[in-house]
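Structure first, commentary second.
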Amino acid sequence: MSVRLIPPSTELTQPYWDGARQEQLVMQQCADCAETIFPPRANCPKCGSAALSWRTLSGKGVIYTYTVAHRAPHPVLNGQTPIVIAVVESEEGPRMISNVTGCDPSDVEVGMSVQVAFEEIDDSDVVLPVFKPA
């Protein structure tokens, strides 16, 4: 495994990180309007409801846009380039920023079908969702 920046966990985001540790991509869903929500929030951005619960997503998506970083964007990523940083549109709707792994960066393209995978971070209990070609 490679060294990565470890995102912070909060009370609001903990279910997301717990799901990732179980290799499940989970996001909030509004009980009132059925909107799937990401990133996690206290209220639905569509209708304002606080009636939010967590659901497991399919993990399928498409590349909405991406860039390839040939220079490490942070010192802990030195020696790990090139890195594909993508906005992935999930089958259920929300978009999220993640990495695309499991292929040559030159093979990544907008509209490419991807599937979530999970990457353990060295010396921590953090598991990050990443995407691989479907």
Side-chain angles (χ1 to χ4, degrees):
M1 291 293 127
S2 56
V3 175
R4 294 286 181 111
L5 296 174
I6 299 175
S9 176
T10 66
E11 185 176 334
L12 184 62
T13 64
Q14 193 61 51
Y16 174 80
W17 297 114
D18 292 344
R21 271 194 294 284
Q22 297 172 21
E23 297 194 357
Q24 296 178 339
L25 182 60
V26 299
M27 292 185 186
Q28 292 173 303
Q29 184 170 33
C30 179
D32 292 330
C33 73
E35 183 79 0
T36 302
I37 301 160
F38 189 81
R41 301 173 187 188
N43 296 85
C44 176
K46 184 175 179 182
C47 73
S49 174
L52 306 178
S53 61
W54 291 87
R55 70 179 273 222
T56 302
L57 276 59
S58 67
K60 296 176 183 177
V62 296
I63 302 295
Y64 179 78
T65 190
Y66 72 97
T67 190
V68 178
H70 293 278
R71 294 178 63 192
H74 190 279
V76 301
L77 299 173
N78 285 341
Q80 298 180 42
T81 57
I83 301 168
V84 180
I85 304 163
V87 176
V88 176
E89 185 168 3
S90 69
E91 185 173 76
E92 293 80 2
R95 295 177 185 152
M96 67 183 294
I97 297 172
S98 186
N99 296 109
V100 178
T101 63
C103 66
D104 190 278
S106 65
D107 293 336
V108 176
E109 58 187 39
V110 170
M112 178 178 168
S113 294
V114 291
Q115 176 68 45
V116 73
F118 296 90
E119 192 173 285
E120 292 183 19
I121 304 302
D122 290 341
D123 301 323
S124 75
D125 65 346
V126 175
V127 177
L128 288 178
V130 297
F131 288 85
K132 294 185 176 187

key: Pairing residues for S53 by the side chain to side chain contact (heavy atoms under 4.5 Å, CB included) criterion, not counting sequence neighbours   = none
query = Taking ILVMFWY side chains as joined if any heavy atoms are under 4.5 angstrom apart, and letting links pass through other members, which residues group with L52?
reply = I37
remark   = So the ring pair (Phe, Tyr, Trp, His ring centres under 6.0 Å) pairs with at least one residue in residues 13-37 (sequence neighbours excluded) are Y16-F38
inquiry  = Any side-chain to backbone donor/acceptor pair from Q24 onto R55? Under 3.5 Å, distance only.
reply    = no
inquiry  = Assigning hydrophobic clusters by single linkage (Ile, Leu, Val, Met, Phe, Trp, Tyr; side-chain heavy-atom cutoff under 4.5 Å), is V76 placed with I85?
reply    = yes
inquiry  = V62: which residues meet the side chain to side chain contact (heavy atoms under 4.5 Å, CB included) condition with it, sequence neighbours left out?
reply    = E89, S113
query = What residues form a salt bridge (Lys or Arg N to Asp or Glu O under 4.0 Å) with D107, not counting sequence neighbours?
reply = none
request  = Please examine the side chains of V84 and C103, heavy atoms only from C-beta on, and report whether any two atoms are closer than 4.5 Å.
outcome  = no
query = Looking just at side-chain N and O atoms, do E92 and T36 make a donor-acceptor pair shorter than 3.5 Å?
reply = no
message = So for atom CG, which belongs to L12, do other residues, nucleotides or ligands contribute more than 12 heavy atoms lying within a distance under 6.0 Å?
response = yes
request  = Please check if any side-chain donor atom of D104 sits under 3.5 Å from a side-chain acceptor atom of S106, or the reverse.
outcome  = yes
Result block: side-chain N/O donor-acceptor pairs under 3.5 angstrom for residues 43-51, not counting sequence neighbours:
| residue | atom | partner | partner atom | Å |
| --- | --- | --- | --- | --- |
| N43 | ND2 | G48 | O | 3.2 |
| S49 | OG | D32 | OD2 | 2.5 |
| S49 | OG | A51 | N | 2.9 |

key: Derivation and outcome, side-chain contact (heavy atoms from CB on, under 4.5 Å), residues L25 and M96   = CA-CA 11 Å; L25 182 60; M96 67 183 294; 4.1 Å; yes
